[in-house]
2 protein chains.
Amino acid sequence: MSKVTIRHVAEAAGVAVKTVSRVMNGEPNVTRDLQDRVMKAVDALGYVPSMAARRMGGSRSFLLVALNDRLNTINNWRSGRGNDWIDQMLHGAMLTCEAHGYRMLFELVEAGSDDLDRKVVAILSALQPDGIILTPPHSENRALVEMLTRRQVPVARMGVRGEGLGFGVFMDDRRAAEEATRHLIGLGHARIGFIAGSPRFQASRQRREGYADALRSAGLTVDEALIAPGDFTFESGVAATERLLALPDRPTAILASNDEMALAALHVASRRGIGVPDLSLVSFDDTPGVRLSVPGLTSIRQPISDMAARAAELLIGVSKTGDATPSDHLLPFGLEIRGSTAARQ
Amino acid sequence: MSKVTIRHVAEAAGVAVKTVSRVMNGEPNVTRDLQDRVMKAVDALGYVPSMAARRMGGSRSFLLVALNDRLNTINNWRSGRGNDWIDQMLHGAMLTCEAHGYRMLFELVEAGSDDLDRKVVAILSALQPDGIILTPPHSENRALVEMLTRRQVPVARMGVRGEGLGFGVFMDDRRAAEEATRHLIGLGHARIGFIAGSPRFQASRQRREGYADALRSAGLTVDEALIAPGDFTFESGVAATERLLALPDRPTAILASNDEMALAALHVASRRGIGVPDLSLVSFDDTPGVRLSVPGLTSIRQPISDMAARAAELLIGVSKTGDATPSDHLLPFGLEIRGSTAARQ
DNA sequence: CTGAAAGCGCTAACAG
DNA sequence: CTGTTAGCGCTTTCAG
């Protein structure tokens with residue numbers, strides 16, 4: 001009862017071990033008759049191949065590793081703030097792996113640490129995954145992707161374009177920012193503030209460009225005074241909002257590069273007695289908190305779960321077929337309209 | 001460069017393969033001299049043992065599996081509501097595993113499904129973990145724990161007492177509810193409503209008892225009219241609160257069995273023009289949302305991350321030493337006081 | 001289309 | 001204290 005191996009199945013079905021292996025892996029060249037006999041034995045015995053043995057014998061490990069930023073993730077956990085990225089990534093990638101008989105292992109390594117390469121190599125050696133999913137900021141780390149590629153590990157890069165190194169699964173941050181801004185313009189806003197994200201992330205720069213795109217194509221000028229720096233933290237959002245609201249001709253709407261900073265803006269506005277959506281607010285990321293604020297924040301939803309699912313699917317495809325690295329995949333974003341945006345009074 | 005095995009290390013250090021194995025596993029009976037030589041070779045070559053091979057050869061897999069409720073987890077992910085339990089569990093268990101050279105794999109199985117046993121057995125067969133962490137409601141599933149025990153898999157049960165089957169890591173829900181209620185009584189409240197949780201969970205029943213304990217030891221009577229049923233959903237919280245606030249002699253404070261229902265209470269109160277903390281509110285769980293509501297909710301903090309860490313640690317201990325199942329571990333909870341509770345006017 | 005034999009990289013058991 | 005040998009449960013050759 002405990003520990004049914006391929007040999008037991010082979011005996012029970014009266015076939016060779018290799019035939020069982022063929023059936024389990026859906027390989028060709030097995031008659032339906034034998035297939036049935038094997039499957040019957042498999043079901044009867046409750047046989048499930050051992051992952052470890054599969055890895056030892058064959059060339060696949062049926063394992064994908066997702067690499068996440070250590071500091072960021074742990075800080076979020078520790079502060080009890082939740083971790084939407086991780087949650088959505090698990091959602092998309094784990095379920096996809098499961099559906100294909102793969103497992104996903106989740107690893108944290110510190111971005112920017114000197115021995116990042118060593119750490120990653122250790123993970124590769126220990127786990128020998130069939131593919132690796134990189135999340136920001138690792139996905140933007142060229143050196144890392146190059147190292148992985150050199151070692152022939154298929155790499156999916158979340159949130160960025162692959163540009164020939166691994167493959168990217170991403171959304172168009174620029175067009176998202178443009179759409180968010182256009183939403184505000186459509187409501188009659190002309191002076192729209194922008195709170196930028198940390199320039200460390202590609203997406204931050206693109207969001208800023210999209211914001212400018214929308215203004216320009218609406219015939220509005222891009223006023224640098226309306227662009228405040230931020231780094232995705234609440235504190236930076238507070239500072240940025242204060243700066244924007246102190247302007248002589250202050251904005252009637254603000255687009256923040258993430259939810260945290262938008263919530264900061266909401267906070268500052270209320271402290272100054274400015275109502276929202278009198279001051280309209282749009283944010284990026286659509287994390288759980290934006291539904292709970294009063295009013296709820298209009299927000300750009302990143303398709304994190306879809307990106308992760310796609311990443312996993314493509315990596316599994318590579319590992320199954322041995323095909324070359326897939327090409328980049330662009331996924332659609334969403335604009336969730338809530339109470340924080342309204343027509344300009 | 002790619003694929004350094006134990007043999008390479010043995011050659012480089014001029015020792016037998018087994019000696020390397022001994023050093024890697026911290027086994028006794030190796031002179032310091034050889035130890036150093038081996039370690040030098042290990043570092044030089046960047047050797048990291050293959051998990052799969054270790055599992056194949058030896059008796060350990062260096063793998064822990066955490067079993068979570070499928071439906072619940074996926075629903076939370078899907079709705080974008082976040083998943084504090086999962087986050088905190090990962091926080092505690094993953095980091096602990098990492099520190100001991102173990103990995104944690106996270107699996108979702110549907111509680112109450114007919115073939116739960118089959119699913120779990122499949123996971124055991126495929127992964128052969130050194131231990132398994134059960135979260136609610138799986139941790140309360142006696143039949144499941146019995147099956148696991150029969151198969152000699154060490155089992156940690158989160159959130160419940162072990163009572164001889166596996167071992168439990170848990171907090172005292174009853175005393176927590178008592179403390180929360182006492183906090184309200186201390187503020188001068190005498191009519192305190194209680195919104196119960198789904199009776200499916202042991203903790204729900206205990207919380208209710210703790211509530212009653214506190215009232216009784218303060219010399220107050222337990223008025224059944226002040227106890228409203230709930231099932232942990234927002235909707236049930238709305239219904240319960242409406243019922244409580246419609247009472248002729250309505251409560252001046254409410255203790256809700258989780259955050260979601262407390263947020264519902266906040267919502268209903270505000271709709272009825274009742275201010276919080278005029279109506280004082282205490283919740284259970286201290287999930288991220290309670291910090292964002294206005295006012296923030298006073299809440300009982302479950303030590304989920306600590307419980308998970310302890311569970312992992314103890315399982316790893318068993319796997320290393322082969323000791324018997326550890327005994328139950330009680331962990332302290334916290335009471336986070338925020339703006340939703342104040343002295344009775 | 002099917003099967004037999006040879007490992008994969010490690011550790012357990014046993015010798016020295 | 002150290003080394004040798006025999007597997008673990010699979011898949012990959014390579015024969016039939």
Side-chain angles (χ1 to χ4, degrees), chain A residues 2-38 41-42 45-63 101 122 124-130 319-320 322, chain B residues 2-38 41-42 45-63 101 122 124-130 319-320 322:
Chain A
S2 65
K3 194 141 295 187
V4 179
T5 73
I6 197 171
R7 185 160 285 136
H8 302 163
V9 178
E11 269 168 37
V15 298
V17 172
K18 176 68 217 186
T19 303
V20 179
S21 173
R22 284 209 178 86
V23 173
M24 293 307 289
N25 292 296
E27 286 171 27
N29 298 335
V30 186
T31 51
R32 275 214 52 91
D33 176 47
L34 278 196
Q35 232 176 89
D36 288 349
R37 247 163 63 205
V38 169
V42 165
L45 298 174
Y47 169 66
V48 179
S50 147
M51 252 192 123
R54 253 146 88 110
R55 161 70 261 186
M56 284 302 291
S59 51
R60 290 193 279 168
S61 63
F62 297 89
L63 227 202
L124 295 180
S125 310
L127 267 15
Q128 293 157 274
D130 292 337
S319 129
K320 271 186 170 151
Chain B
S2 64
K3 195 143 290 187
V4 180
T5 74
I6 197 171
R7 186 161 281 134
H8 302 165
V9 177
E11 270 169 35
V15 298
V17 176
K18 178 68 215 186
T19 302
V20 179
S21 172
R22 284 209 179 86
V23 173
M24 293 308 289
N25 292 297
E27 285 171 27
N29 298 336
V30 187
T31 51
R32 274 212 56 87
D33 177 47
L34 277 195
Q35 230 177 88
D36 288 349
R37 248 162 64 204
V38 169
V42 165
L45 299 173
Y47 170 66
V48 179
S50 146
M51 252 191 123
R54 276 178 124 183
R55 162 69 261 187
M56 285 303 292
S59 51
R60 291 192 278 168
S61 64
F62 297 89
L63 227 202
L124 294 180
S125 310
L127 268 14
Q128 292 157 276
D130 291 337
S319 131
K320 272 186 169 153

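Note on naming: letters A, B, ... go to the chains in the order of the sequence lines (proteins, then strands), and numbering restarts at 1 for each one. On a predicted model such as this, the values are computed, not experimentally measured, just so you know.
Across the protein-nucleic acid pair, A:Lys3 atom NZ and D:dG7 atom C1' stand 13 Å apart, rounded to whole Å. As rounded to whole Å, 13 Å separates atom P of D:dT2 from atom CD of B:Glu27. Rounded to a whole Å, the NZ atom of A:Lys18 is 15 Å from the C1' atom of D:dG16. Going from atom CE of A:Met51 over to atom C1' of D:dC8 covers 17 Å, rounded to whole Å. Here D:dC10 presents its P atom at 9 Å from CZ of A:Arg54, a figure rounded to the nearest Å. Rounded to an integer number of Å, the gap from A:Glu11 CD to D:dG9 C1' is 14 Å.
Two residues, A:Arg22 and B:Ile6, neighbour DNA chain C, and the one matched to the more 5' nucleotide by heavy-atom proximity is A:Arg22. Nearest-nucleotide positions on DNA chain D for B:Leu34 and A:Ala53 put B:Leu34 closer to the 5' end. Residue-to-nucleotide proximity on DNA chain D shows that, of A:Arg55 and A:Arg60, the 5′-proximal contact is made by A:Arg55.
Within 4.0 Å of B:Tyr47, counting heavy atoms only, lie sugar-phosphate atoms of the nucleic acid but no base atom. When heavy atoms are screened at a 4.0 angstrom cut-off, A:Val30 is found touching the sugar-phosphate backbone but no base atom. Residue B:Val15 is classed as a sugar-phosphate contact, given heavy-atom separations below 4.0 Å to backbone atoms only. Within the 4.0 angstrom heavy-atom criterion, only backbone atoms of the sugar-phosphate kind lie near B:Gly58; the bases stay farther away.
With hydrogens and angles ignored, the 3.5 Å screen pairs a side-chain donor or acceptor of A:Arg37 with a backbone N or O of A:Ala13.
For the pair A:Ser21 and D:dT11, the criterion of a side-chain N or O lying under 4.0 Å from OP1 or OP2 is met.
The listed nucleotides are D:dC10, D:dT4, D:dC8; the one nearest the side chain of B:Met56 is D:dC8.
The footprint of chain A on DNA chain C, defined by a heavy-atom cutoff below 4.0 Å, extends from C:dC1 to C:dG9.
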